Amino acid sequence: MVKPLIGITMGDAAGVRPEIIMKALSDPQIYKISKPVVIGDAKMLQRAESFLKTGLLIKAIQNVEEAEFKFGVVNCIDLIIRISVNHGTAFDIAGKGIADEKSMKEAIRQAAELIPQKFHGSLLGSS
């Protein structure tokens, strides 16, 4: 069986998604049925690992060819667009129309570059 390449988008890196991703990828069954690749912020995955202690290694990559598809390694296409958002810091600007869209535009641009790498699917959700 050819395992599908699955892109897992991180969404809000300052939310709970990094924790959810790390918990999900700590299940060896995921690697038996797919080749998962996280698209987001490798530093935030490392932060989640520091308090979850799953024992997983986060591997920051720039393209799928660099990935190691084996249990224990979380491959993350590191968008390197984060500027220092910490948990809860955006709440004071929410709903005021002053949020900066630059990181979203950069994420879209980088995602568009990944399309030729032919992900078989992606996982999206709210943080």
Side-chain angles (χ1 to χ4, degrees):
M1 171 181 106
V2 175
K3 293 189 264 184
L5 178 62
I6 304 294
I8 304 169
T9 59
M10 186 177 292
D12 180 3
V16 297
R17 186 79 58 82
E19 296 170 44
I20 293 168
I21 290 169
M22 293 301 290
K23 285 181 178 181
L25 295 180
S26 68
D27 181 350
Q29 289 298 111
I30 298 298
Y31 293 82
K32 290 180 181 177
I33 62 170
S34 69
K35 298 188 296 186
V37 175
V38 178
I39 303 165
D41 187 329
K43 287 182 182 177
M44 292 305 278
L45 288 178
Q46 189 60 53
R47 182 175 186 268
E49 170 58 23
S50 72
F51 57 85
L52 291 174
K53 309 236 184 285
T54 63
L56 300 173
L57 169 71
I58 291 85
K59 181 176 182 183
I61 60 175
Q62 295 306 305
N63 58 63
V64 175
E65 289 75 25
E66 298 173 34
E68 291 180 53
F69 296 111
K70 63 182 182 180
F71 175 68
V73 177
V74 175
N75 298 291
C76 178
I77 295 177
D78 196 3
L79 298 181
I80 314 172
I81 55 177
R82 186 174 172 276
I83 299 186
S84 70
V85 176
N86 293 314
H87 285 278
T89 59
F91 292 133
D92 60 342
I93 66 167
K96 296 180 181 174
I98 59 174
D100 190 341
E101 77 286 353
K102 288 183 196 130
S103 64
M104 175 60 76
K105 289 179 180 178
E106 179 63 13
I108 292 168
R109 185 191 68 72
Q110 290 190 28
E113 290 177 7
L114 296 174
I115 289 172
Q117 297 183 35
K118 299 182 182 171
F119 281 99
H120 292 99
S122 64
L123 302 175
L124 306 169
S126 60
S127 291

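Source: prediction; values computed, not measured.
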Over all atoms of both residues, closest heavy-atom pair of [X] and [Y]:
X   : Y   : answer
G7  : I39 : CA-CD1, 4.3 Å
M10 : I21 : CA-CD1, 3.9 Å
D78 : D41 : OD1-CA, 3.7 Å

Give a yes or no on whether [X] and [Y] share a hydrophobic cluster (residues Ile, Leu, Val, Met, Phe, Trp, Tyr; joining criterion: side-chain heavy atoms under 4.5 Å apart).
X   : Y   : result
V73 : L52 : no
L45 : I30 : yes
I6  : V74 : yes

key: Listed partners of Y31 passing ring pair (Phe, Tyr, Trp, His ring centres under 6.0 Å), at least two apart   =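 Y31 satisfies ring pair (Phe, Tyr, Trp, His ring centres under 6.0 Å) with F71 only.
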Side-chain donor-acceptor contact under 3.5 Å, Q46 with K43 =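 Absent: no donor and acceptor within the cut-off.
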request  = Apply side-chain contact (heavy atoms from CB on, under 4.5 Å) to I33 and list each qualifying residue two or more places apart in sequence or on a separate chain.
outcome  =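 side-chain contact (heavy atoms from CB on, under 4.5 Å) list for I33, sorted by chain: empty.
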ask   = If you round to the nearest 0.5 Å, how far is SG of C76 from CE of M44?
value =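 One finds 11.5 Å between CE of M44 and SG of C76.
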Can you give each donor-acceptor pair under 3.5 Å made by side-chain atoms of residues 53-61, sequence neighbours left out, with the distance rounded to 0.1 Å?
from, atom 1, to, atom 2, distance (Å)
K53, NZ, S50, O, 2.6
T54, OG1, E49, OE1, 2.3
T54, OG1, L56, N, 3.2
K59, NZ, E66, O, 2.6
K59, NZ, E68, OE2, 3.1

